[in-house]
Amino acid sequence: QMSFSLSLTASFYSLLYWFVCFVFEGDKYASVEFFAELRDICLKHGSLMIVDEVQTGCAVTGERWAHENWRLLVPPDIVTFAKRFQVGGFYMAPHIRPSPAYRIFNTWMGDMTRLALCKKTIEIVQRDNLARLGYSTGKQFRTNLPLLQRKYPQFLENFRGSGFMAAIDAVTPEIRSEIVRRACQEGANIGVCGERTIRFRPSLLFTPMHVRLVAEILESVCEKMKAS
């Protein structure tokens with residue numbers, strides 16, 4: 001995780017009414033303390049905190065919403081969601097909801113098929129306690145991947161993750177390409193982002209056992225690269 005220092009002046013924040021907060025954008029992570037201080041600044045200067053949970057909502061980080069990990073005393077004013085919910089949308093705090101209702105809406109009031117899928121997705125997440133599974137899977141990521149980067153510092157560094165979301169950097173773009181190519185040959189379909197990041201975005205059914213299997217493949221790859 002990266003901790004950030006918030007040193008912008010109060011005069012700048014007084015000009016802000018909307019403050020959009022991307023939780024894990026491009027696999028760059030901020031600390032819980034950063035988000036807590038950011039919330040305090042928004043409250044102090046009357047700015048609305050908008051949290052984009054398009055990638056992180058729906059139990060992905062081991063909680064229903066990523067911002068629940070921050071243990072904020074006052075929740076965000078607006079939260080957006082999509083992707084795993086099967087429909088795009090947002091919800092807002094009572095004090096900023098439009099009155100009367102339906103002042104802002106579209107012609108069809110949403111896609112009914114997508115809303116049905118969203119409802120069933122939420123039911124399954126709750127029924128199978130997938131947020132808890134995300135917590136366990138994330139714990140396994142935080143166990144296995146840091147071990148690999150300590151064992152192979154010539155190849156891997158800078159692990160970070162929360163729940164089903166995890167990432168680790170290769171030392172160079174060329175090393176990343178070689179790791180991903182070899183891992184694919186050994187049965188692991190691994191994603192990438194940025195110049196040298198290996199990213200994990202599995203389904204909500206990804207278990208600690210799957211993490212161990214991926215880690216074994218990555219260890220095999222690194223061993224062979226070390227010997228070559």
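A salt bridge does not link Arg212 with Glu216: every distance from a Lys NZ or Arg NE/NH1/NH2 to an Asp or Glu carboxylate oxygen is 4.0 Å or more.
When all heavy atoms are compared, the tightest approach of Val125 to Ala59 is CG1-CB, 3.9 Å. The heavy-atom pair separating Ser162 from Asn69 by the smallest distance is OG-ND2, 4.4 Å. Nearest approach of Ala82 to Gly88, heavy atoms of both residues: CB-CA, 3.9 Å. Taking all atoms of both residues into account, the shortest heavy-atom contact from Ile217 to Gly187 is CD1-C, 4.2 Å.
Within the 4.5 Å cutoff, the side chain of Ile190 has no heavy atoms near those of the Ile179 side chain. Side-chain contact check for Arg39 versus Val74: some heavy-atom pair is nearer than 4.5 Å. Taking the side chain as every heavy atom from C-beta outward, Thr143 and Val211 never approach each other to under 4.5 Å. Proximity of Tyr29 to Met165: side-chain heavy atoms (C-beta onward) are separated by under 4.5 Å at one or more points. At a threshold of 4.5 Å between non-hydrogen side-chain atoms, the residues Leu148 and Asn144 do not count as touching. Inter-residue side-chain proximity for Lys120 and Gln86 is flagged as unmet; no heavy-atom pair is nearer than 4.5 Å. Side-chain contact between His95 and Leu48 is present, with at least one heavy-atom pair separated by less than 4.5 Å. Counting heavy atoms from C-beta on, the side chains of Ser136 and Lys139 never come closer than 4.5 Å.
To the nearest 0.5 Å, the span separating CG on Leu204 from CG on Leu130 amounts to 5.5 Å. Separating the CG atom in Leu72 from the NE2 atom in His67 is a distance of 7.0 Å, to the nearest 0.5 Å. The CD1 atom of Ile198 lies 12.0 Å from the CZ atom of Phe159; values are rounded to the nearest 0.5 Å. Taking NZ of Lys151 as the start and CD of Glu223 as the end, the distance is 5.0 Å to the nearest 0.5 Å. In this structure, the separation between CG on Leu213 and CD on Glu186 is 12.5 Å, given to the nearest 0.5 Å. Glu63 contributes atom CD, which lies 12.0 Å from atom OG1 of Thr56 (distance to the nearest 0.5 angstrom).
In this pair, Trp70 and Phe35 present their aromatic rings parallel. The plane angle is below 30°, not in the 30 to 60° band. Using a 30° and 60° split on the angle between ring planes, Phe200 and Phe141 fall in the tilted class, from 30° to 60°.
A side chain to side chain contact (heavy atoms under 4.5 Å, CB included) with Arg196 holds for exactly one of Asp169, Ile168, Thr172; it is Asp169.
The number of heavy atoms from other shown groups lying within 6.0 Å of CZ (Arg142) is above 12. The number of heavy atoms from other shown groups lying within 6.0 Å of CZ (Arg132) does not exceed 12. A 6.0 Å sphere centred on CD of Glu195 holds no more than 12 heavy atoms belonging to other residues, nucleotides or ligands.
Linking Ile, Leu, Val, Met, Phe, Trp and Tyr whenever their side-chain heavy atoms come within less than 4.5 Å leaves Leu133 and Met209 in two separate clusters. By the rule that hydrophobic residues join a cluster once side-chain heavy atoms approach within less than 4.5 Å of another member, Phe34 and Leu73 end up as members of separate clusters.
A side-chain donor-acceptor contact under 3.5 Å links Asp77 to the backbone of Met49. Without hydrogens or angle criteria, Thr137 side chain to Phe206 main chain gives a donor-acceptor distance under 3.5 Å. Of the possible polar contacts, none joining the Thr197 side chain to the Arg199 backbone as a donor-acceptor pair under 3.5 Å is found. Panel note: side chain Arg176, backbone Cys193; a donor-acceptor pair is recorded below 3.5 Å. Formation of a donor-acceptor pair under 3.5 Å by the Asp52 side chain with backbone atoms of Val54 is found in this model. Using modelled atom types, one side-chain atom of Gln149 and one backbone atom of Asn158 make a donor-acceptor pair closer than 3.5 Å. Between the side chain of Arg97 and the backbone N or O of Met92, at least one donor-acceptor pair lies under 3.5 Å.
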Exercise. Check step by step if side-chain contact (heavy atoms from CB on, under 4.5 Å) holds for Leu205 and Asp128.
Key: CA-CA 10 Å; Leu205 303 179; Asp128 296 346; 5.6 Å; no
Note to self: Between Glu178 and Phe155, is the side-chain contact (heavy atoms from CB on, under 4.5 Å) condition met? List the steps.
What the structure shows: CA-CA 10 Å; Glu178 187 64 12; Phe155 301 136; over 6 Å; no
field: Criterion side-chain contact (heavy atoms from CB on, under 4.5 Å) on Cys222 and Leu156, from CA distance to verdict
entry: CA-CA 9 Å; Cys222 289; Leu156 299 169; 4.1 Å; yes
Problem set entry | Criterion side-chain contact (heavy atoms from CB on, under 4.5 Å) on Met225 and Gln154, from CA distance to verdict | CA-CA 10 Å; Met225 290 175 62; Gln154 69 271 47; over 6 Å; no
